[in-house]
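Chain identifiers are assigned alphabetically (A, B, ...) following the order of the sequence lines, protein sequences preceding nucleic acid strands; residue numbering begins at 1 within each chain.
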Amino acid sequence: MKMSQLFSRTLREAPAGAESKGYEYLLRAGYIRQLGAGIFSTLPLGLRTVRKIEQIIRTQMEEIGGQEIQMPVVNPAEIWKETGRYYSIDKELSRFEDRTGRDMVLAMTHEEAVTDLARNEIDSYRRLPSLVYQIQTKWRDDPRPRAGLIRVREFTMKDSYSFDKDWEGLQKQYEAHYEAYFKIFGMCGLPVISVGSDSGMMGGKVAHEYMYLSPIGEDTIITCPSCGLTANRQVATCRKTYFPEDLREIEEVHTPETRTIDELTAYLGIAATKTAKAVFMMGTYVDEQEQEYEDLIVAVIRGDLDVEEAKLQNAAGANRLRPAHEQEIRAAGMLPGYGSPIGSSARRVIVDDSVAKSNNLVAGANKEGYHLINTNFDRDYTGTVADITSAVEGSICPECGSPLTSSKGIEVGNIFQLGTRYSESMGCYFQAEDGTRAPVIMGSYGIGVGRLLACLAEETSSDSGLNLPITVAPYQVHLVSLVKDSALPDQLYADMQAQGIEVLYDERKASAGVKFNDADLIGIPIRITLGNRGLKENSAEVRAGHGQESSMVVLDELITTVKEIIASHITHIHDTMVVERL
RNA sequence: CGGGCUGUGGCGCAGUGGUAGCGCGCUUGGUUCGGGAUCAAGAAGCCGGCGGUUCGAAUCCGCCCAGCCCGACCA
C-alpha cells in the first residue's frame with residue numbers, strides 16, 4: 001500500500017477525550033474513528049489488524065472442530081421471549097417493531113438464535129458433539145460506553161456454541177476452548193490470565209473469563225499470590241472467621257446518632273465483627289405471567305464485611321438489583337441506619353454465613369436511635385444463608401490461607417458451561433442411544449475482537465506510537481523512501497510484494513521527519529529506510545523491530561533478510577506463548 | 001439514571017454584548033530534503049439546534065441534542 005493512497009491519515013494531536021495511550025494512538029495512527037458514543041468505524045489499517053486477529057481466531061476454532069456460521073443481528077423477539085431474556089434483560093437489549101408491528105430485538109449475543117438452529121438440525125445423539133462459531137456484530141445499549149474501544153455498544157465478537165449429549169462432552173469442549181483461547185491471545189501477543197467468573201445473564205454454572213491485567217480495567221480480580229487461585233471479585237470467596245458464643249438474651253439499647261457501623265462501634269466500644277448490618281436492595285423478578293415486578297431484598301452481613309452484589313443477586317435469584325429507596329425500606333417495617341430484618345415484614349432475607357455462624361451480634365432495632373444487642377440468626381429472624389461477602393485485598397485465601405491481592409483487568413474473552421438453560425427453554429432435545437429424549441447440553445464462548453485490539457494497543461504502545469506484534473500488525477514492513485529521482489524504491493516495493501511481503505510504502509513528498517513520525521505512530525514492526533546515504537553503498541537501513549538499532553543491509557540481500565526477520569518475529573511469539581490447560 | 005465538564009474551519013484551542021481568531025493540517029508557487037523545514041499567496045466556520053432577552057448574541061436566559069469524565073449499571 002502506498003501511503004499517498006491510504007484512506008486514513010495520521011493526527012498530530014490527540015483528539016479530545018482520548019484518555020488512554022492505546023486509544024489515543026489508535027485514533028492518531030488512523031486505525032479507528034468514532035462515530036457516536038460507543039460506536040466506531042474501523043479504517044483500512046485497523047481493519048487489516050482486525051482481519052488478522054479474526055484469522056488467528058478462525059484457525060484455532062477450526063483446530064478444535066468449530067464450523068463457521070453466521071447468524072443475523074436482528075432477531076424476532078419470539079425466541080428471546082422463549083428463554084425469558086426478553087423480559088429479564090433491561091434496556092441493554094434494544095427492541096423495536098418491524099413494519100407489521102412484530103417485536104424485534106438487536107441480538108446482544110446469539111444463544112437464542114443458535115439454539116433455534118440446533119433444535120432443527122440436531123435430533124439424534126449421532127449429530128453430537130458439535131461446535132459452531134461466528135464472528136459477528138453485536139449491539140448492547142450499554143448505559144455508559146467509555147474508554148475508546150474497551151466499552152462500546154456496537155462491537156464484533158467471536159462467539160462459539162458447543163452441543164453435547166452429556167456433561168463429559170461439554171467438559172471436553174470447554175477444556176478445548178480453555179486451551180485454544182490461550183493460543184489465540186498468545187498468537188496476538190496479549191498476556192492474559194484466566195479467572196473463575198460469574199455466569200451472570202448467560203445462566204449456567206462453570207465459567208471462566210480471560211483477563212488482560214491493566215490499571216484501566218473495570219473488573220476487579222482477586223488473586224492468591226501464594227497458591228495461584230484467581231477469580232473475578234464477583235465470585236471470589238475468602239475464608240471468614242466466625243464468633244460462635246452461647247446465646248444471650250436480646251436487649252434493646254439506646255444508641256443515638258449511630259447510623260453507620262463506624263459510629264455504632266465507636267459508641268458501644270465494640271468491634272465491627274460484633275455487629276450485623278442490613279443492606280437493602282430492590283430485586284427484579286418475573287412472575288408466571290412474564291410480568292416484571294420488584295421485591296425488597298434484605299442482605300444481612302457482619303459489620304466488618306461488605307456485600308458483593310453479584311453474589312447477592314444470585315443468592316436472591318433476582319434478575320437485577322438496585323439500591324432500595326428509604327420509603328421502600330420503611331414500607332417493610334425497617335429503618336435505614338437502624339435497620340434489621342427483626343420484626344420486619346421482609347420476605348426475602350439473605351444472611352451471610354458470617355452472621356449465621358456468629359452469635360450475639362448488634363443489629364438495628366428499626367427504631368430511630370436504638371439497636372438490639374445479642375441478636376441471633378434463626379432465633380430472632382430467619383432467611384436464606386449464603387456467601388455474599390466481597391473478597392477484598394487482604395482477605396484470606398480459602399485454599400491456602402494466605403492474604404489475597406486485588407488487581408484491575410479487562411475481560412477479553414469468556415467461556416461458559418451453559419448446560420440446558422437454553423435447550424430446555426427452547427425445546428432443543430435429541431434422542432439418545434437408549435431411545436430417551438434429553439436436552440442438548442450447551443456451552444458458549446466469546447472473544448471481543450475490538451476489545452482485544454484495544455488491549456493490544458494498550459499493552460504494546462510505546463511513547464511514540466503503536467507497536468503491534470507482527471502477527472496482527474496491518475503490515476509487516478514499512479518502506480520509507482527518502483530519495484528522489486530514483487526508480488529503485490518503486491522497484492523494491494514491487495519486488496517485496498511479489499515475494500509475498502506485506503509492505504506499507506511511504507513514497508509521499510514529505511520531509512523525513514514527517515515520514516518517520518508517521519511510521520512511529522502506525523507502528524509497523526519492520527522498517528526499511530531508503531536514503532541517499534545508503535544507496536551510495538547500494539544498501540538500505542533496516543530496523544528489525546521497535547526500539548531496536550537499525551543496520552545497513554545491501555540491497556541484494558534485503559528481501560532475504562526481511563524474510564528472516566519476519567520469521568524470527570513469529571518464532572519469538574510462539575516461543576513466548578504461554579498455554580495453560582484446565 | 002444521578003453528578004460534573006465540553007460543543008467555535010479537518011484536528012487542537014482562544015474569544016464574557018459591537019458582527020470570529022490562533023497553531024497544526026489543506027491548496028498553489030519558490031527554496032529546502034535523514035526525525036513533524038521554510039518563504040509567499042490562498043481556500044475553508046448559518047460559533048451543536050430551537051426559542052427568548054437586546055438596537056445588536058459565539059458571548060446573557062430557557063429548552064433540547066450530542067460527546068467526554070465520575071458514579072449507578074454492565075457477558
CD (A/Gln548) with more than 12 external heavy atoms under 6.0 Å = yes
Is there a side-chain polar atom (N or O) of A/Arg12 under 4.0 Å from OP1 or OP2 of B/rG25?
-> yes
Closest listed nucleotide, where the reference is the side chain of A/Val514 and the choices are B/rA37, B/rC68, B/rC70 | B/rA37
Got a donor-acceptor pair under 3.5 Å from the side chain of A/Asp518 to the base of B/rG36?
-> yes
Sugar-phosphate, base or nothing in reach of A/Leu482, heavy atoms under 4.0 Å = base
From B/rC74, B/rG35, B/rC73, nucleotide with atom closest to A/Glu309 side chain | B/rC73
Answer with base, sugar-phosphate or nothing: what part of the nucleic acid does A/Pro143 contact at a heavy-atom distance below 4.0 Å?
-> base
Determine yes or no for a side-chain-to-main-chain donor-acceptor pair under 3.5 angstrom, with A/His177 supplying the side chain and A/Met61 the backbone.
-> no
Would you kindly check whether a donor in the side chain of A/Glu13 faces an acceptor in the base of B/rG23, or vice versa, at under 3.5 angstrom?
-> yes
Mind checking A/Gly448 for me? I need base, sugar-phosphate or nothing, with any heavy atom below 4.0 Å counting as a touch.
-> nothing
NA contact type, A/Ala147, heavy-atom cut-off 4.0 Å: base, sugar-phosphate, or nothing?
-> sugar-phosphate
So what does A/Ala510 hit on the nucleic acid, given a heavy-atom distance under 4.0 Å: a base, only sugar-phosphate, or nothing?
-> nothing
With heavy atoms under 4.0 Å as the rule, sort A/Gly531 into base, sugar-phosphate or nothing.
-> base
Between A/Gln136 and A/Gln70 the two heavy atoms that sit nearest each other are NE2-CG, 3.5 Å
Taking only the side-chain heavy atoms of A/Arg151 (C-beta and beyond), determine which of B/rC74, B/rG12, B/rC69 contains the nearest atom.
-> B/rC74
A/Glu218 and its salt bridge (Lys or Arg N to Asp or Glu O under 4.0 Å) partner, picked from A/Arg146, A/Arg451, A/Arg233 | A/Arg146
Hey, does A/Arg451 reach any base, or is it just sugar-phosphate, or nothing, if we go heavy atoms under 4.0 Å?
-> nothing
Sugar-phosphate only, base, or nothing, as touched by A/Lys484 at under 4.0 Å among non-hydrogen atoms | base
Contact class for A/Gln34 (heavy atom, under 4.0 Å): base, sugar-phosphate, or nothing?
-> sugar-phosphate
For atom NZ of A/Lys138 and atom C1' of B/rC74, their distance in whole Å | 17 Å
Looking for any heavy atom pair under 4.0 Å, which part of the strands does A/Arg543 touch: base, sugar-phosphate only, or nothing?
-> nothing
Distance only, no hydrogens: is a donor on one side chain within 3.5 Å (strictly under) of an acceptor on the other, for A/Glu112 and A/Asn75?
-> no
For A/Phe155, answer base if it contacts any base atom (sugar-phosphate contacts may also be present), sugar-phosphate if it contacts only those atoms, and nothing otherwise; contact means non-hydrogen atoms under 4.0 Å.
-> base
Which one, B/rG12, B/rC68, B/rA37, comes nearest to the side chain of A/Ala16?
-> B/rG12
Look at the side chain of A/Arg9 against the base of B/rG25 and say whether a donor-acceptor pair falls under 3.5 Å; ignore hydrogens and angles.
-> no
